[in-house]
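What's counted below: heavy atoms across the whole structure, side chains too, no hydrogens, waters or symmetry copies. Every value quoted in this text rests on a predicted model; they were computed, and no experiment measured them.
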Amino acid sequence: MRTVGIEEELLVVDTDSGRPLAVAERVLGAAQEGDVDSGPAPQAPNGAEDGDLGAELQRQQVETGTPPRERLTDLDADLRRWRGAAITAARRVGARIIASGTSPMPVRPEPMRKPRYEQMMERFGLTSAELLTCGCHVHVSVASDDEAVAVLDRIRVWLPALLALSANSPFWQGEDSRYASFRSQAWSRWPSAGPPERLGSAQAYRDRIRAMVESGVLLDEGMVYFDARLSASYPTVEIRVADVCLDARHAVLIAGLCRALVDTAAAEWEAGRPPPAVPASMLRLATWRAGRDGVDGQLLDPGSHRPRKAREVVDALLEHVGPALEANGDIDLVRERVEHLLAEGNGARRQRTVLAKTSRLVDVVADLARVTAGHEQ
């Protein structure tokens, strides 16, 4: 069975005002100085590390990472444990942690003081200086680079549906963006961001990455910001399209769907089935629609590229990966959580619901903090 792990980017905010705080170094220092572990970890396979809490581009955010897991229930426990670790460390410096793709409150991002980030600020100007977004990156193990590229070629048409399910960033600089995921709009300003093209082989993928770096536009391979890519650090496919999910249950749902997509694509490749011949231009439209509507409107059908109700596209995704979910023992958990998400809404719907009730963005942030900590109601 393939292993799966999650990296989550989280915002550090002021306890009273709800505005992001540039105190990531202090949060990480508090984590190192004290025992912030929120409970025992499940046993990781093959001696894998226990996970981590680290820095990101801006000083108003931190990143957690789980170890690779085979069982989604173990992944769920890890995700909550590392969220708890970040929350405990933030509390020690008078701050809160929220899982939101963007800050509901106005913010002026402050970059971490690292040479690479300073280079990014110099080269990309406002694109990097204004960027404070939080995503969810899912790593799924693969047997080889050839299998990984075959997977990328086949899952790309389903990535917008994952964005729609995870959408959790309706506000930008204190205003309603009219998008369920404005993070996806902000992120698209990077020159390498967006859906990957079909490349056909590991060699073609490596040639494309090398050409992109040699163009002089990108600093390095780490700035290849495709919605899904080969990890530069692990033997995994890294699926990066999702917003960070407000509800930890939804993050694990996204991970389960990602693994099933990888399993399904690998089986299609082994059977000699060609990948869908969909141009990147159509996938960009599908991604825009997913970021605009989330699960509360329409998505583009992965086959016809025509608008369909979001529920219908999600059902098509579940049908597509159903055999893989069954084989992994994930079908009941995934179906239950999909129904919960569609009934109760994703993070974007919840944020707007709170604002409609209270008319105060600070209350939206307070609710985000509660749900991030596992207090779902």
Okay, side chain of Asp153, backbone of Gly200: is any donor-acceptor separation there less than 3.5 Å?
yes
Applying side-chain hydrogen bond (donor to acceptor under 3.5 Å, both in side chains), can you list everything that pairs with Trp288, at least two apart in sequence or on another chain?
Tyr179
Could you state whether Val313 and Leu159 fall into the same hydrophobic cluster, counting links through intermediate Ile, Leu, Val, Met, Phe, Trp or Tyr residues with side-chain heavy atoms under 4.5 angstrom apart?
no
Does Glu33 come within less than 4.0 Å of Arg92, counting only side-chain N to carboxylate O?
no
Within the side chain of Ser184, is there an N or O that forms a donor-acceptor pair under 3.5 Å with the backbone of Ser181?
yes
Asp330: salt bridge (Lys or Arg N to Asp or Glu O under 4.0 Å) partners, not counting sequence neighbours:
Arg259
Would you call Glu339 and Arg311 a salt bridge, taking side-chain N to carboxylate O under 4.0 Å as the test?
yes
Would you call Arg308 and Asp315 a salt bridge, using N to O less than 4.0 angstrom?
no
Salt bridge between Asp247 and Arg350, side-chain N to carboxylate O under 4.0 Å?
no
Once you round to the nearest 0.5 Å, how far does CD of Gln203 lie from CG of Asp207?
4.5 Å
Taking the inter-plane angle between the rings of Phe182 and Trp172 on a 0 to 90° scale, is it parallel (under 30°), tilted (30 to 60°) or perpendicular (over 60°)?
tilted
Side chain of Arg156, backbone of Leu283: donor and acceptor closer than 3.5 Å?
no
May I ask you to decide if Leu230's main-chain N or O and Tyr205's side chain share a donor-acceptor pair within less than 3.5 Å?
yes
When rounded to the nearest 0.5 angstrom, what distance separates CG in Leu246 from OG in Ser169?
11.5 Å
Heavy atoms from other residues, nucleotides or ligands near OH of Tyr117 exceed 12 (cutoff 6.0 Å):
yes
Side-chain donor/acceptor of Asn346 to backbone N/O of Ala164, under 3.5 Å
yes
Return yes if some donor-acceptor pair links the side-chain N/O of Gln60 with the main-chain N/O of Arg108 below 3.5 Å, else return no.
yes
Would you say CZ of Arg273 has more than 12 non-hydrogen atoms from neighbouring residues, nucleotides or ligands within 6.0 angstrom?
no
Is there a donor-acceptor pair closer than 3.5 Å between any side-chain N or O of Glu238 and the backbone N or O of Ser231?
no
Is there a donor-acceptor pair under 3.5 Å between the side chain of Thr15 and the backbone N or O of Gly94?
yes
Angle class for the His139/Tyr234 ring planes (parallel below 30°, perpendicular above 60°, tilted otherwise)?
perpendicular
Main-chain N/O of Cys245 paired with Asp243 side-chain donor or acceptor, under 3.5 Å:
no
In terms of side-chain heavy atoms, does Asp78 have a donor or acceptor partner in Thr66 at a distance below 3.5 Å?
no
Within one Ile-Leu-Val-Met-Phe-Trp-Tyr cluster: Val354 and Val362, side-chain cutoff 4.5 Å
no
Using 0.5 Å steps for rounding, measure from the CH2 atom of Trp187 to the CG atom of Asp227.
10.5 Å
Connected via hydrophobic side-chain network under 4.5 Å: Leu299 and Leu162:
no
Measuring from Leu163:CG to Asn168:CG, what's the distance to the nearest 0.5 Å?
11.0 Å
Report the residues that fulfil salt bridge (Lys or Arg N to Asp or Glu O under 4.0 Å) with Arg337, sequence neighbours left out, ordered by chain and then residue number.
Asp76
Residue Glu221 excluded, over 12 heavy atoms near CD under 6.0 Å
no
Supply the atom-to-atom distance Arg208 CZ to Arg206 CZ, rounded to the nearest 0.5 angstrom.
14.0 Å
Is Pro195 close to Arg284 at the side-chain level, that is, under 4.5 Å between some pair of heavy atoms?
yes
Look at the side-chain heavy atoms of Ile, Leu, Val, Met, Phe, Trp and Tyr, link any pair under 4.5 Å apart, and say whether Met1 and Ile155 land in one connected group.
no
Would the number of heavy atoms belonging to other residues, nucleotides or ligands and lying under 6.0 Å from CD of Gln119 be above 12?
yes
Under the 3.5 angstrom rule, does the side chain of Thr264 hit a backbone N or O of Leu261 as a donor-acceptor pair?
no
Do you reckon Ile331 sits in the same ILVMFWY cluster as Val334, going by side-chain contacts under 4.5 Å, direct or chained?
yes
Can you check whether Arg116 reaches Asp220 side chain to side chain, under 4.5 Å on heavy atoms?
yes
Can you tell me how far CZ of Arg80 sits from CD1 of Ile87, rounded to the nearest 0.5 angstrom?
10.5 Å
Exactly one of Met121, Lys114, Glu63 should register a side-chain contact (heavy atoms from CB on, under 4.5 Å) with Leu57. Which one does?
Met121
Under 3.5 Å, is there a donor-acceptor pair linking the side chains of Ser177 and Gln185?
no
